[in-house]
Amino acid sequence: MDAHDVLAGLDPEQREVAEAVRGPVCVLAGAGTGKTRAITHRIAHAVRSGVVDAPSVLAVTFTTRAAGELRQRLRALGAPGVQARTFHAAALRQLTYFWPRVIGGDPPSVIESKLPLLIDACRSMRRNPDRSELRDVAAEIEWAKVTQVGPEDYAQAAVKAGRKPPVPGEEVARLYDAYERLRRDRHLVDFETILELTAAVMTEHQEVAGQIRQQYRYFVVDEYQDVNPLQKLLLDTWLGGRDDVCVVGDPNQTIYSFTGATPRYLTGFAVEHPDATVVRLVRDYRSTPQVVGLANSVLARSKTPHKLELLAQRPDGPAPVFAEFDDEPAEAVGVARAVRKLADSGVPLREIAVLFRVNAQSEAYEKAFTDAGLPYLLRGAERFFERPEVRQAVVLLRGAARSASADEPLAPTVHAVLGGIGLTAEPPGGGTARERWESLRALAELAEDIAAQGGDLSALVAELERRASEQHAPPIEGVTLASLHAAKGLEWDAVFLVGVTDGMLPIIYAETPEQIEEERRLLYVGVTRARAHLHLSWALARSPGGRRARRPSRFLDGLTGRGPAQPRAGATASGPVRERRQVAASVHCRVCAKTLVGGAEQKLGRCSACPADLDEALLEALKAWRADTAKQAKIPPYVIFTDVTLQAIAERVPIAETDLLAIPGIGRVKLDRYGEAVMSLCREVRE
C-alpha cells in the first residue's frame, strides 16, 4: 500500500483531513462521520509519504480501548510504529523513564483510587470517614487538580464554578491538603499528578524536554472537546512552541464539564492558531436520515458554539417512536415488549441498548427484562441489588422486619431505617451522593407501593429478596443497559431512551443555562447512538395510580407530535431563572495586551516573545533558597515553586504580599509557608 492508496475510499472532507499532513489542523467531526478513519488515514499518509517517521508520531486519546483501536487501524494501513496512548499512559511512561535520572531513586507508585488516602486523611483530622461522601470529595479533588486549583484556593474556586461539594468547601480544602501531604510522604502519584509532574519535569529540565521533543514531533489528539486544563498544559509542554498538532472533536458531544473538561480549546483552536486548517466532517454514515433529523432538531435551539448539522448518508429507516406511559413500571414493561418485538424481527439483542440518565433507573428495567426472559448486560455500573447502599439497606430492613410489630406502619418505618444511611427529604446536588440517594429513594418508593397494597415490612423484605434472586441474568449476549454518559463512543442498531422527562433530562439539579445546554447535548449523544431504530419514552407518574404530573423533556418540544411540555414554576425555555455563572476573565499580556493562552505565559503575565526586566541576582537567590528549603523538607524543588513561578517573581519583584498573591501558582497556603522568605529576598534586592 503506497501513500496514494491510503487516500482511496475517503470522502472529500475526510480526504482533506488526510492530505493536511502538516499542522496545525482542527477537525470538527460530528457523530458517525468517520473521524477515526480520517485521522488514521492522515497519520498513515504522512508516514508513507515520508513527511514523518512513524515512531515520531504520538496519537493521544482518552481510553485504552480507543488507543487500541487506533493502533490496530494504523497497523492495517502500514504504519505500525506509531505510538497511540492515553494521556496518562504516555505521561507515566515518560515520567518513569526520566525519574531516576532527574529526581533520583525509584519512581513513585501509582494509586488507582484516592479513597484509601482520603480515609487516612480523615483519621488524621479525627474525622469519621464516610466512603460515599469521600467518593464525592475525591471527585472534587480531581476537578481541582485538573483545573490547577490548589487546596488553598479550592473553596473560593468551587463557589465561582458553581460546584456543590458534599461537605463545606473549607472542609474539602482541608481534606485535599491532607491528601496531598500523605500522597507525597508515601511517594505516590495519582492520575492528575502524573500529568502535572511530567509537565513540571520537562519545564525544569531542558535536557528532558529536548529528548522528548526530539522523539515526538507529530501530535494527534482525539476527543479534544473533553480536554481539561491540566491535559492542555501537558500537551503545550510536549509541543514546546511547535504547532505540528492535529486535534479532533465534536462540540456537540461536550458532556463532561463537571469533571473539568472544556470545549473552549477545540472551539478556540483557530484563534490560538490563526493559520490552522479547519475541516468540518458532517456526513453521517452511522444513522438513518430519520435518526439524524431528530438529532439535528434536538440541537436546533442549542447555544453550543460551532455546532455541526449532520448530513445523513444512509438509506431511509423507520421513524423515531415517541411513547408515553402512565407510570414507570408500565414504561419498563412497554420497553421490554418493544425489545422482544425487535428481537423477533431479527435485530440481535447485543445490538439493542436502553439508555437512562441516572443509574438508579436501571432497577425497573432489570426487573422488566428478567420477567420477560430477556438477558441483559449492565454497563458502567453495578447491578441495582449489588450496589453497596442497596445491600446495606436490605440487611437493615431484614433486621428491622424481625423485630417489627404487626401494626407498625411500613412506609414511616422504612424511611426511618433508610434515613440512617443517607435518605433525606431533599436530594443532594449530584455525584455519588446523588446516585446513592436515588437508590435509597427507589427502595422507599417500593415500600410505599407495597404499603398501598396492604403489605408490611416482611412483605417488603420478601419482595426485595425475590427481585435480587431473579435479576442474575446469564453472562451471555443481551440487551445493554447503560447511562447516557457510559454510552458515549458506542453505537447500536436500536436504542431506547427512557425516562425522558423534565426533571430527569434535564436533570433537576441542572440549574444554570450552561448546565441545561449540557443536558441537551447529553440527549443528543443518546440519539446519535442509534443506527436505525430509535425509541424515546417517558412516564407521567412514578407508580401505578400516582399523580400524572410529569411532562416530556422540554428538549422534545415540537418534536413528538404532542403539545409542548409545561414549564416548571420559575423556569424559561432555557432553564430556571438564575443568575448566570461568572466566567473567569481572560489573562492579558502586561506588555502587548494580547490574550495569553499557555500556562507558562499566564504565570509570567506576558507573551514569551515580549521583553521584560529580569533581576538575575534575585532569580539566582530564589533558586538557591528553594534548593535549601527543598533539601530540608525532603521534597522536590518544584513542589515549592516551579522555575516559571520563580522567574515571574524575579520579573515583578513584589513589594507587598498582595503582589505575591497576584502571581499565578502562589496561593494562600504557599504564601503562609514561603511568603516571608521570598519577600525578604525581594527586599534585599530593592535595598
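Looking at Arg174 and Glu170, no side-chain N of the basic residue comes within less than 4.0 Å of a carboxylate O on the acidic one, giving no salt bridge.
Taken from CG in Leu28 to NZ in Lys35, the straight-line distance is 12.5 Å, to the nearest 0.5 Å. A distance of 4.5 Å separates CG in Leu294 from CZ in Phe322, rounded to the nearest 0.5 Å. The distance from the CG atom of Asn128 to the CD1 atom of Ile119 is 10.5 Å, given to the nearest 0.5 Å. Here CG of Leu523 is found 12.0 Å from CZ of Arg554. Values are rounded to the nearest 0.5 Å. In this structure, the separation between CD on Gln290 and CG on Asp316 is 4.5 Å, given to the nearest 0.5 Å. How far OG of Ser302 is from CZ of Phe555: 9.0 Å, rounded to the nearest 0.5 Å.
When atom types are taken as modelled, the side chain of Arg521 and the backbone of Thr254 share a donor-acceptor pair closer than 3.5 angstrom. A donor-acceptor contact shorter than 3.5 Å links the side chain of Glu351 to the backbone of Asp493. Remark: the backbone N or O of Pro318 is not paired with any side-chain donor or acceptor of His533 at under 3.5 angstrom. Distance alone, capped at 3.5 Å, is enough to place a donor-acceptor pair between the Arg163 side chain and the Phe258 backbone. Between the side chain of Arg520 and the backbone N or O of Val298 there is at least one donor-acceptor pair closer than 3.5 Å. Between the side chain of Gln515 and the backbone N or O of Thr512 there is at least one donor-acceptor pair closer than 3.5 Å. Using a distance-only test at 3.5 Å, with no hydrogens or angles considered, no donor-acceptor pair links the side chain of Glu517 to the main chain of Glu514.
Residues Gln361 and Glu363 have side chains that never bring a donor and an acceptor to within less than 3.5 angstrom of each other. Using a 3.5 Å distance cut-off with no hydrogens or angles, the side chains of Ser537 and Glu331 do pair a donor with an acceptor. Side-chain contact, Trp538 with Glu324: a donor N or O sits under 3.5 Å from an acceptor N or O. A donor-acceptor contact closer than 3.5 angstrom links the side chains of Tyr154 and Glu140.
Nearest heavy-atom pair, Leu349 versus Ala343, reported as atom, atom and distance to 0.1 Å: CD2-CB, 3.8 Å. When all heavy atoms of Val149 and Tyr176 are compared, the pair lying nearest together is O-OH, 2.9 Å. Heavy-atom minimum distance, Glu511 versus Ile508: CG-O, 4.4 Å. For Ala539 against Thr501, the heavy-atom pair with the smallest separation is O-CG2, 3.9 Å. Closest of all the heavy-atom pairs between Glu133 and Pro166 is O-CG, 3.8 Å. Shortest non-hydrogen contact noted between Ala530 and Ser287 is O-OG, 2.6 Å.
Considering only heavy atoms from C-beta on, Gln225 stays 4.5 Å or farther from Tyr256 through its side chain. Residues Leu522 and Leu505 form a side-chain contact, since some pair of their non-hydrogen atoms from C-beta on lies under 4.5 Å apart. At least one side-chain heavy atom of Arg357 sits under 4.5 Å from a side-chain heavy atom of Ile507. Within the 4.5 Å cutoff, side-chain heavy atoms of Phe496 are placed close to those of Leu342. At least one side-chain heavy atom of Arg286 sits less than 4.5 Å from a side-chain heavy atom of Arg529. Between Glu112 and Phe191 there is a side-chain heavy-atom pair separated by less than 4.5 Å. You'll find the side chain of Thr259 stays beyond 4.5 Å of the side chain of Asn228, heavy atoms only. When side chains are defined from C-beta on, Glu465 counts as touching Arg398, because their heavy atoms get closer than 4.5 Å.
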Please assess Val291 against Thr528 for the test side chain to side chain contact (heavy atoms under 4.5 Å, CB included), listing each intermediate value before the final yes or no. CA-CA 7 Å; Val291 172; Thr528 55; 5.8 Å; no
Test Val167 against Val172 for side chain to side chain contact (heavy atoms under 4.5 Å, CB included), laying out the working first. CA-CA 7 Å; Val167 297; Val172 174; 3.5 Å; yes
Applying side chain to side chain contact (heavy atoms under 4.5 Å, CB included), run through Leu443 and Leu464 and close with a yes or a no. CA-CA 9 Å; Leu443 294 176; Leu464 290 173; 3.6 Å; yes
Quick one, Val282 with Glu309, criterion side chain to side chain contact (heavy atoms under 4.5 Å, CB included). Give me CA distance, side-chain angles, the key distance, then yes/no. CA-CA 7 Å; Val282 295; Glu309 184 170 351; over 6 Å; no
Take Arg550 and Glu328 through the salt bridge (Lys or Arg N to Asp or Glu O under 4.0 Å) test and state the conclusion after the steps. CA-CA 11 Å; Arg550 295 178 177 175; Glu328 289 181 2; 2.7 Å; yes
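In this view, Gln392 and Arg436 satisfy the side-chain hydrogen bond (donor to acceptor under 3.5 Å, both in side chains) rule, not counting sequence neighbours.
The environment of CD in Gln156 is sparse: at most 12 heavy-atom neighbours from other residues, nucleotides or ligands sit within 6.0 Å.
Ring geometry for Phe369 versus Tyr376: interplanar angle over 60°, hence perpendicular rather than tilted (30 to 60°).
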